[in-house]
Colleague: 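One structure, pasted below without further comment.
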Amino acid sequence: MIRTRFAPSPTGELHIGGARTALFNYLFARSAGGEFLLRIDDTDAERSRKEYEARLLNDLHWLGLTWDAGPDIPSDTPLRQSERGEIYAQWMDRLREAGAVYPCFCTEERLTSLREGQTARGEPPRYDGRCRSLSPDEARRRMEAGERPCWRLALPEGYSAAFNDAVRGPQSFPAGTIGDFVVQRSDGTPTYLFASAVDDYLTGITHVIRGDEHVPNTARQLAIIDRMGWLRPVFAHIPMVLSADRRKLGKRTGSTPIREYRERGFLPEALDAYLATLSWTPEAEANPFDLASLAASFSLDKIAQSSPVHDEEHLLHWQREAIKQRGGEALAAELIAGEPRFAPFEERLAPIVADLLEEAPFLRDLNEALSFLWSRSDSEPREPWMPQLAAELAKLASWTPEAAEGLLRSFMKERGLKGRAFFHPLRRLLTGRDSGAPLPLVVFTLGREECAARLGLL
RNA sequence: GGUCCCAUCGUCCAGAGGUCUAGGACACAGCCCUUUCAAGGCUGCGACGCGGGUUCGAACCCCGCUGGGACCGCCA
């Protein structure tokens, strides 16, 4: 059974890059009839915040993603790393028993100057393995004296890692590229590298789909996985989404939180459809606004290897398409839900909404564009022919947009009025604006009485 | 600096040696439609980074260069 996971750290809000990683994991799992897990990687107690976790879940839900296991789903196995301390401790013991790790007493200062020296000499900065040669007795003595070491994985001599990436193909890391890395901090908590590998193993993750900034980590995690003799998951590193300045989409560089797009009125299906075009394209037959359809079209080997640039213009395009997709009927209902004053026009609202949504990509625009329905502008000048028009409108046999249009046209012709000379003052009076939906639709939506009232008949 | 990755219109994607005088979408420009602003329809603008190979033939394969990016934490 295919099983994927999205494992964000609750240290900030979900943004485009994270959402896209989550979506791809979701899509891949669903495309294979597998499971999608949500795990919270909060081993960094200092930076992790509970409120971010809640927001993460909220945003993910809003995007329409569902998971088969997650921190909000009751289970025997907690999916929050901060609650899995005992599990990591157990596996750390195994690592220790196997002699795969050693305690390191190096100070932060030494580590820093070590790095600086290496960098200055043009060497790759990495731990030099000094504490590896510490005798067990010495190590015990220092621990008993109160020193708190961190624990590093003892990389085999000449360790090099190779794996086959599902999107990037064969990858290899020459020996000597990485040094003995920390698996457990001196405060006893596991590092991401270790906790993540353990969890992926324990939860049966078959495919690790993540941003390609993690490629170097894979070599390290492979060292753990191989040392423990675990079955390796398939790794699929997807190109990171870049901001317009072509930098990593980070906290600082133009990474608008998903929450903000939501607040600005974007539709979740618009976000999903947009996200799906970043390094991937759904097949032509797929409905980009439907996650199931997207999933049916998804495949890892169709993911491009170059980094896409986040472009809000494109997002906006998908928003336009998505809102059209929703249709006048559904949108009219939402409009009323948000603004009760639209209620009186309920049964005539859909057509004008359908027309308007072509130019108004957001619900709030629709709201704005239609506010004339419940707010009259009585200060507009009335033309002498208006009461007569109102009278004819009142006698109209059937009240439909088509009938209204027919009457408007013939009335205009009979009076010898030119298009603009007729429509413009009418629009001003009826809506208080210079532009908007086609007048016949405006008239139809307002209704007989309201038209009569505004035209000065009553 | 080291390691790894990437390289098609301004942007997002197609393109898996001939069907490519490179296709679509967004943006932009023009035209049409039109009571208005839009939308829509049509047309246009616009790219295989450079240099070498391999091949009868290269956007697609190889090498080099250039450019861009990521990573090198007791962050994830």
Side-chain angles (χ1 to χ4, degrees), chain A residues 7-12 41-44 46-48 81 104 106-108 111-112 115 118-127 148-152 165 168-169 171-174 176-179 181-193 195-196 210-219 237 239-240 242 244 246-248 274 276-282 284 301-302 304-318 320-321 324 355-360 369 408-409 412 417-428 431 433-440:
Chain A
S9 291
T11 55
D41 282 11
D42 56 353
T43 59
D44 184 358
E46 210 142 289
R47 296 199 306 149
S48 295
Q81 292 191 325
C104 172
C106 291
T107 61
E108 208 180 311
L111 261 19
T112 305
R115 265 194 296 276
Q118 287 166 329
T119 307
R121 266 173 277 128
E123 295 167 16
R126 58 167 194 265
Y127 184 60
R148 298 268 67 119
C150 67
W151 290 75
R152 292 177 183 274
D165 192 293
R168 296 163 47 118
Q171 307 286 306
S172 64
F173 300 85
T177 315
I178 55 176
F181 56 93
V182 177
V183 288
Q184 186 181 66
R185 304 189 188 99
S186 46
D187 67 0
T189 59
T191 60
Y192 159 78
L193 256 11
S196 181
R210 57 186 0 179
D212 63 8
E213 70 268 30
H214 284 291
V215 170
N217 287 337
T218 305
H237 291 98
M240 275 182 302
L242 270 24
R246 295 200 165 273
R247 320 263 337 165
K248 178 179 178 178
Y274 167 67
T277 68
L278 265 24
S279 298
W280 179 57
T281 354
D301 56 20
K302 280 297 195 181
Q305 304 188 31
S306 52
S307 289
V309 172
H310 172 46
D311 185 349
E312 289 204 358
E313 199 74 56
H314 290 155
L315 210 204
L316 230 193
H317 165 248
W318 289 107
R320 288 200 183 91
E321 295 298 317
K324 278 186 212 170
D355 181 275
L356 244 25
L357 59 78
E358 298 275 328
E359 63 183 282
L408 250 31
R409 297 244 173 241
M412 177 173 76
L417 292 163
K418 285 287 177 203
R420 195 177 161 78
F422 174 66
F423 284 106
H424 187 69
L426 192 54
R427 180 184 297 283
R428 287 290 325 182
T431 73
R433 314 187 187 196
D434 295 314
S435 63
L439 242 350

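By convention in this document, chain letters (A, B, ...) are assigned in the order of the sequence lines, proteins followed by strands, and residues within each chain are numbered from 1.
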Colleague: Please state whether the phosphate of B:C13, meaning OP1 or OP2, lies under 4.0 angstrom from any side-chain nitrogen or oxygen of A:Lys302.
Modeller: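 No.
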Colleague: What string of B, S and - do you get for nucleotides 1-7 of chain B, 5' to 3', if B is base contact, S is sugar-phosphate-only contact and - is no contact with any protein heavy atom under 4.0 Å?
Modeller: B-SSSSS
Colleague: Heavy-atom nearest nucleotide on RNA chain B for A:Pro308 versus A:Pro149: which residue maps closer to 5'?
Modeller: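 Per heavy-atom nearest nucleotide, the more 5' residue is A:Pro308.
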Colleague: Under 4.0 Å, heavy atoms only, any strand: does A:Leu356 hit a base, just the sugar-phosphate, or nothing?
Modeller: nothing
Colleague: Hey, what are the protein-to-nucleotides 39-41 of chain B N/O distances that come in under 3.5 Å?
Modeller:
| residue | atom | partner | partner atom | Å |
| --- | --- | --- | --- | --- |
| B:A39 | O2' | A:Glu358 | OE1 | 2.3 |

Colleague: Checking all strands, does A:Arg126 fall into the base, sugar-phosphate, or nothing category for heavy-atom contacts under 4.0 angstrom?
Modeller: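 Contact class for A:Arg126: none.
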Colleague: How is A:Asn217 classified with respect to the nucleic acid when contacts are heavy atoms under 4.0 Å: base, sugar-phosphate, or nothing?
Modeller: base
Colleague: Any side-chain N or O of A:Arg428 below 4.0 angstrom from OP1/OP2 of B:U36?
Modeller: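 It does not, given that no N or O in the side chain of A:Arg428 lies less than 4.0 Å from OP1 or OP2 of B:U36.
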Colleague: When rounded to the nearest Å, what value does the distance between C1' atoms of B:C45 and B:G2 take?
Modeller: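 Nearest-Å result for B:C45 against B:G2 at atom C1': 44 Å.
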Colleague: Do A:Ser306 and A:Pro239 have side chains that get closer than 4.5 Å, going by heavy atoms?
Modeller: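 Contact flag for A:Ser306/A:Pro239 side chains = no.
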Colleague: Residues two or more places apart in sequence or in another chain: which of them pass salt bridge (Lys or Arg N to Asp or Glu O under 4.0 Å) with A:Asp187?
Modeller: none
Colleague: Mind checking ring-ring contact (aromatic ring centres under 6.0 Å, His included) for A:Phe173 and listing every partner two or more places apart, or none if nothing turns up?
Modeller: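 Residues passing ring-ring contact (aromatic ring centres under 6.0 Å, His included) with A:Phe173: none at all.
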Colleague: For A:Arg126, which residues count as a salt bridge (Lys or Arg N to Asp or Glu O under 4.0 Å) partner, sequence neighbours excluded?
Modeller: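 Partners of A:Arg126 by the salt bridge (Lys or Arg N to Asp or Glu O under 4.0 Å) criterion come out as none, since no residue qualifies.
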Colleague: Name the one of A:His310, A:His314, A:His317 that satisfies side-chain hydrogen bond (donor to acceptor under 3.5 Å, both in side chains) with A:Tyr274?
Modeller: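 Testing each of A:His310, A:His314, A:His317 against A:Tyr274, the sole residue satisfying side-chain hydrogen bond (donor to acceptor under 3.5 Å, both in side chains) is A:His310.
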Colleague: Once you apply a heavy-atom cut-off of 4.0 Å, does A:Arg152 come out as touching a base, just sugar-phosphate, or nothing?
Modeller: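 Touches sugar-phosphate only.
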Colleague: Taking salt bridge (Lys or Arg N to Asp or Glu O under 4.0 Å) as the test, write out the residues that go with A:Arg409, two or more places apart.
Modeller: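 Salt bridge (Lys or Arg N to Asp or Glu O under 4.0 Å) list for A:Arg409, sorted by chain: A:Glu405.
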Colleague: Are the side chain of A:Asp42 and the backbone of A:Gln81 linked by a donor-acceptor contact shorter than 3.5 Å?
Modeller: yes
Colleague: Ignoring hydrogens, what is the shortest heavy-atom contact between A:Pro425 and A:Arg420? Give both atom names and the distance.
Modeller: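 Looking at all heavy atoms of both residues, the closest pair is CD-O, 3.6 Å.
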Colleague: Between A:Arg148 and B:C74, is there a side-chain N or O to OP1/OP2 distance below 4.0 Å?
Modeller: no
Colleague: If B:C74 has a Watson-Crick or G-U wobble mate with both distances under 3.5 Å, name it; if not, just say none.
Modeller: none
Colleague: Would you mind classifying the nucleic acid contact of A:Pro8 as base, sugar-phosphate or nothing, using non-hydrogen atoms under 4.0 angstrom?
Modeller: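 Nothing: the residue A:Pro8, judged by heavy atoms under 4.0 Å, touches no strand.
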Colleague: Among the candidates B:U35, B:A14, B:C37, find the nucleotide nearest to the side-chain atoms of A:Thr281.
Modeller: B:A14
Colleague: Answer yes or no: is there a side-chain heavy-atom contact under 4.5 Å between A:Thr43 and A:Thr191?
Modeller: no
Colleague: Contact class for A:His314 (heavy atom, under 4.0 Å): base, sugar-phosphate, or nothing?
Modeller: base
Colleague: Once you apply a heavy-atom cut-off of 4.0 Å, does A:His237 come out as touching a base, just sugar-phosphate, or nothing?
Modeller: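 No contact.
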Colleague: Under 4.0 angstrom, heavy atoms only, what part of the nucleic acid is A:Thr43 near: base, sugar-phosphate, or nothing?
Modeller: sugar-phosphate
